[in-house]
Amino acid sequence: MQEKIKALESLLSKEKNIVITVHRGPDGDAMGSALGLYNILIQLGHNVSVITPNNYASFLYWLPGNENVIVFTEQEQKAKKITDNADIIFLLDFSQIGRLDTYADFVKNSTATKVMIDHHQEPDLDISDILFSDVTACATAQIVFEIMELLDYKGFINKNVAECLYTGIMTDTGSFKYSSTTERTHHIIAELIGKGAENSKIHDLVYDNFSENRVKLLGYCLNQKLQIFKENNAAIISLTAEELKRFKFQKGDTEGIVNYALTIEDVIFAVFIAEKEGMVKLSLRSKGDFQVNEIAKKYFSGGGHRNAAGGISDVSVDETIENLKEIFNKYKTQLNNTKL
Ligand code: 5GP
Ligand code: MN
């Protein structure tokens, strides 16, 4: 660890062209980590660009520095030029290069020094020169904080940085309730509040700022689209492209819906399926020791964490539901005996 910190310290000792990138469909932790790091590095005089593979939910647009984010799918030429000129590329909140989608090749082909900071399982060792991986960390934002501490950069954690890192930790811990939340997490959160993060305002901006359509879509999902498989301790909520269109779907509108299925007693494994951007995407969530990342990897070309994972399906929404029913049956014994 000390060696990696030394290497990073020396990399950052002179003014550099730096790119910070994150996984496609960036969430609060991806954007919070990226912009937290961005707001530190600009104070050190570096030339920093945050490039995301695609767009993200508008409830993250208030994050300080968001106005300078470059979305690859919207400004391909500009992103390509900046990436070609980068000395350092930070890869945040993902462990496999494929999660950069169409931006992946540009990063792979760049000669920049690549620094990965992440908390996902099985980091691809071939894509980074310096790897900070901690699969026990609740959020990449927490690792970013810890690296800043080791670099002796804590003096650069101003209100902007604090609000970004707070958002990353808050969203990836389900507001500090998942088992990945530790005493250390709360100490870091306390420090971030001490450095100016307005915690109540941040919760409001992220969680109490929904459009009317988003809330109605949630109601529709719970009323009409929730299927419970009691004998298998499992549940599914699914949406077709037509249904999303009916509720004027905007990016981020379905975030968190899967968690409602998990609030039902005895539901250990919850799946949310949505037909988006010509793909059938899955969000898998579980309680206790039931590992959904294994399921995501084995059946849906995906991955993630033990209790939160995702992937894609090559067949229709209906066929995906049929496949899931088989999977539930296959894992019935495990699901019936999950330890919380
Ligand atoms: P979500 O369901 O919120 O989209 O994703 C939950 C978690 O699953 C993410 O934090 C990420 O770790 C993982 N995940 C989601 N989609 C994919 C995917 O396509 N591939 C991999 N490897 N992981 C994914
Ligand atoms: Mn994360």
Side-chain angles (χ1 to χ4, degrees), residues 20-37 52-54 56-57 59-60 90-102 104 116-124 127 132-146 164-176 178 180-181 185 206 236-239 251-262 269-277 279-286 291-314 320:
I20 303 171
T21 191
V22 295
H23 59 79
R24 67 158 181 251
D27 55 7
D29 187 31
M31 293 315 297
S33 308
L35 287 168
L37 183 60
T52 64
N54 63 351
Y56 44 94
F59 62 76
L60 297 171
F90 282 95
L91 310 163
L92 263 48
D93 201 36
F94 65 100
S95 59
Q96 306 286 330
I97 194 83
R99 296 200 73 209
L100 290 179
D101 267 358
T102 46
M116 178 174 270
I117 305 176
D118 180 51
H119 66 142
H120 293 90
Q121 312 270 346
E122 296 172 18
D124 183 345
I127 52 175
F132 295 94
S133 165
D134 179 359
V135 297
T136 69
C138 63
T140 297
Q142 175 165 310
I143 313 177
V144 169
F145 179 96
E146 289 179 324
C164 291
L165 297 182
Y166 186 99
T167 301
I169 297 173
M170 177 190 83
T171 52
D172 255 27
T173 56
S175 296
F176 321 112
Y178 299 153
S180 55
T181 311
T185 308
V206 174
I236 300 176
I237 296 173
S238 64
L239 287 171
K251 253 187 200 326
D253 281 358
T254 57
E255 231 167 89
I257 291 181
V258 64
N259 295 317
Y260 285 90
L262 213 57
F269 181 14
V271 183
F272 176 75
I273 310 169
E275 191 181 0
K276 284 179 194 164
E277 296 159 23
M279 282 191 280
V280 173
K281 295 194 179 182
L282 288 93
S283 283
L284 313 179
R285 298 291 187 273
S286 69
Q291 297 183 23
V292 282
N293 48 356
E294 295 295 318
I295 309 259
K297 196 170 152 191
K298 196 162 171 193
Y299 300 99
F300 301 109
S301 329
H305 313 281
R306 184 185 64 184
N307 297 124
I312 48 171
S313 167
D314 305 326
T320 306

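Atoms within each ligand, like the ligands themselves, are counted from 1 in listed order.
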Nitrogen or oxygen of L284 less than 3.5 angstrom from that of ligand 1: no

Nearest-option assignment for atom 7 (C) of ligand 1, heavy atoms, candidates A308, A274, S95: A308

Side chains of V271 and V292 in contact at under 4.5 Å (non-hydrogen atoms): no

Name, closest N/O/S atom of D29 to the Mn ion (ligand 2): OD2

Qualifying residue, where the test is side-chain contact (heavy atoms from CB on, under 4.5 Å) with I236 and the options are I273, V258, L282: I273

Parallel, tilted or perpendicular: rings of H119 and H305 (30°, 60°): tilted

Per-residue contact class, H120 against ligand 1 - non-hydrogen pairs under 4.0 Å: side chain

Student check: side-chain heavy atoms of T52 and M31 closer than 4.5 Å: yes

For the Mn ion (ligand 2): the N/O/S atom of D172 at shortest distance: OD2

For atom 15 (C) of ligand 1, closest protein heavy-atom neighbour: G310 CA, 3.4 Å

Beyond-backbone contact of T140 with D172, side-chain heavy atoms, under 4.5 angstrom: no

pair I169-F145: side-chain heavy atoms closer than 4.5 Å: no

Verdict with supporting geometry, T320 and S313, side chain to side chain donor-acceptor pair (under 3.5 Å): CA-CA 7 Å; T320 306; S313 167; 2.8 Å; yes

For atom 6 (C) of ligand 1, closest protein heavy-atom neighbour: R285 NH1, 3.6 Å

Expected output: side-chain Q96 to main-chain E122 donor-acceptor under 3.5 Å: yes

Enumerated ligand 1 atoms positioned under 4.0 Å from heavy atoms of S283: 1 (P), 2 (O), 4 (O)

Selection from G302, G303, A296, G311 by shortest heavy-atom distance to atom 13 (C) of ligand 1: G303

Ligand 1 contact by R24, heavy-atom criterion under 4.0 angstrom: yes

D93: its N/O/S atom lying closest to the Mn ion (ligand 2) (atom name): OD1

Close side-chain approach of F132 to M116, heavy-atom, < 4.5 Å: no

Which N, O or S atom of H119 lies nearest to the Mn ion (ligand 2), by name: NE2

Region of Q96 that comes within reach of ligand 1 [heavy atoms, distance under 4.0 Å]: neither

